[in-house]
Amino acid sequence: AQKITQTQPGMFVQEKEAVTLDCTYDTSDQSYGLFWYKQPSSGEMIFLIYQGSYDEQNATEGRYSLNFQKARKSANLVISASQLGDSAMYFCAMREGHNTDKLIFGTGTRLQVFP
Amino acid sequence: EAGVAQSPRYKIIEKRQSVAFWCNPISGHATLYWYQQILGQGPKLLIQFQNNGVVDDSQLPKDRFSAERLKGVDSTLKIQPAKLEDSAVYLCASSSHGGARTGELFFGEGSRLTVL
């Protein structure tokens with residue numbers, strides 16, 4: 001069965017510092033996609049970054065980068081230069097195969113950025 | 001471009017009552033999803049539509065939950081009768097399957113249901 005594991009219920013980081021949010025996954029498929037979403041207190045899920053299973057380079061989107069270690073089945077999110085507005089819940093998710101957009105989500109990590 | 005619209009944002013009902021949530025996806029998005037997010041958990045897929053057809057409803061409690069997308073655009077999710085454990089945020093999302101490489105889902109702000 002497909003599974004996403006986020007072992008950090010909460011993380012604290014000081015403004016302007018970098019932080020890594022952990023995510024491990026389990027799948028028997030060779031083709032899959034990994035996503036990170038941010039959920040602020042307003043409730044909307046905001047797409048941050050995507051990594052395909054066949055992508056050889058780690059994905060980057062501005063201050064967000066994905067540390068993809070396929071052999072270890074991990075897809076950690078790195079946020080550089082944290083900002084107060086980064087305080088939110090962060091969810092790792094997985095899509096299996098190319099023929100579906102269905103996502104399976106982890107339980108999330110609450111990130112709090114302090115001045 | 002307008003995002004995914006959901007209503008109502010908040011709803012409080014007593015157990016055994018009924019409730020309906022409405023979602024209007026991004027224009028042109030063929031695929032629509034309803035997710036249930038219980039407090040402290042990640043979203044869980046309830047049902048997926050491709051145009052007006054159901055693709056996946058394997059996790060929808062069909063004895064009390066129903067959903068429709070009659071014209072392949074907006075959608076309604078209904079719960080009847082509600083139970084205490086249905087208290088959650090109901091998130092609607094849409095995607096342009098077959099378009100974007102990443103298959104990114106676009107989410108609405110959700111409808112928060114409290115069952116007393």
Side-chain angles (χ1 to χ4, degrees), chain A residues 1-10 21 23-25 29 31-55 59-61 64 66 68 75 88-110, chain B residues 2-11 21 23 25-26 29-51 54-60 88-113:
Chain A
Q2 308 79 35
K3 188 176 179 181
I4 293 285
T5 303
Q6 294 181 254
T7 57
Q8 305 157 314
L21 306 184
C23 173
T24 58
Y25 60 92
D29 281 1
S31 175
Y32 52 89
L34 296 159
F35 298 75
W36 277 91
Y37 280 83
K38 172 184 178 181
Q39 187 177 43
S41 56
S42 61
E44 184 179 0
M45 300 283 281
I46 302 168
F47 167 76
L48 296 178
I49 196 166
Y50 165 83
Q51 179 86 41
S53 59
Y54 293 118
D55 293 342
T60 60
E61 291 286 350
Y64 304 108
L66 200 152
F68 182 46
M89 284 291 291
Y90 288 80
F91 290 93
C92 181
M94 179 171 65
R95 182 199 72 224
E96 290 189 309
H98 288 294
N99 297 318
T100 177
D101 293 334
K102 175 182 175 180
L103 295 182
I104 299 168
F105 286 86
T107 53
T109 296
R110 180 171 297 280
Chain B
V4 176
Q6 290 189 246
S7 66
R9 287 295 313 277
Y10 305 94
K11 189 75 176 178
F21 301 113
C23 171
I26 291 174
H29 280 191
T31 311
L32 184 148
Y33 312 78
W34 284 101
Y35 280 83
Q36 179 193 57
Q37 186 177 18
I38 293 172
L39 185 64
Q41 299 180 18
K44 181 186 80 172
L45 180 69
L46 291 176
I47 189 166
Q48 176 184 349
F49 291 95
Q50 180 76 15
N51 296 309
V54 175
V55 174
D56 184 346
D57 63 356
S58 57
Q59 297 192 88
L60 187 74
V89 175
Y90 291 86
L91 293 164
C92 180
S94 68
S95 70
S96 56
H97 180 64
R101 168 181 172 264
T102 65
E104 175 189 346
L105 269 62
F106 296 83
F107 285 83
E109 291 185 316
S111 295
R112 182 179 298 276
L113 173 66

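Every chain is numbered from 1 and lettered A, B, ... according to where its sequence line falls, protein lines coming before strand lines.
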Let me know if B:Arg9 has heavy atoms under 4.5 Å from chain A in its side chain, its backbone, both or neither. side chain
A:Gln6 side chain vs A:Leu21 backbone, donor-acceptor pair below 3.5 Å: no
Which bit of B:Gln41 is near chain A, if near means a heavy-atom gap under 4.5 Å: side chain, backbone, both or neither? backbone
Closest heavy-atom pair and its distance - A:Phe91, A:Phe105: CB-CD2, 3.9 Å
Proximal component of B:Gln37, with respect to chain A [non-hydrogen, under 4.5 Å]: side chain
State which residue, out of A:Tyr54, A:Tyr50, A:Tyr25, fulfils the ring-ring contact (aromatic ring centres under 6.0 Å, His included) condition with A:Tyr32. A:Tyr25
Side chain, backbone, both or neither: which part of A:Gln39 has a heavy atom under 4.5 Å from chain B? side chain
Below 30° counts as parallel, above 60° as perpendicular, anything between as tilted: where do the rings of B:Tyr35 and B:Phe107 land? tilted
So, the part of B:Leu105 with a heavy atom under 4.5 Å from chain A: the answer is both
Keeping the roles fixed (side chain from B:Ser95, backbone from B:Glu104), state whether a donor-acceptor pair exists under 3.5 Å. no
Looking only at B:Gly108, B:Gly40, B:Pro43, most heavy-atom pairs under 4.5 Å shared with chain A are made by B:Pro43
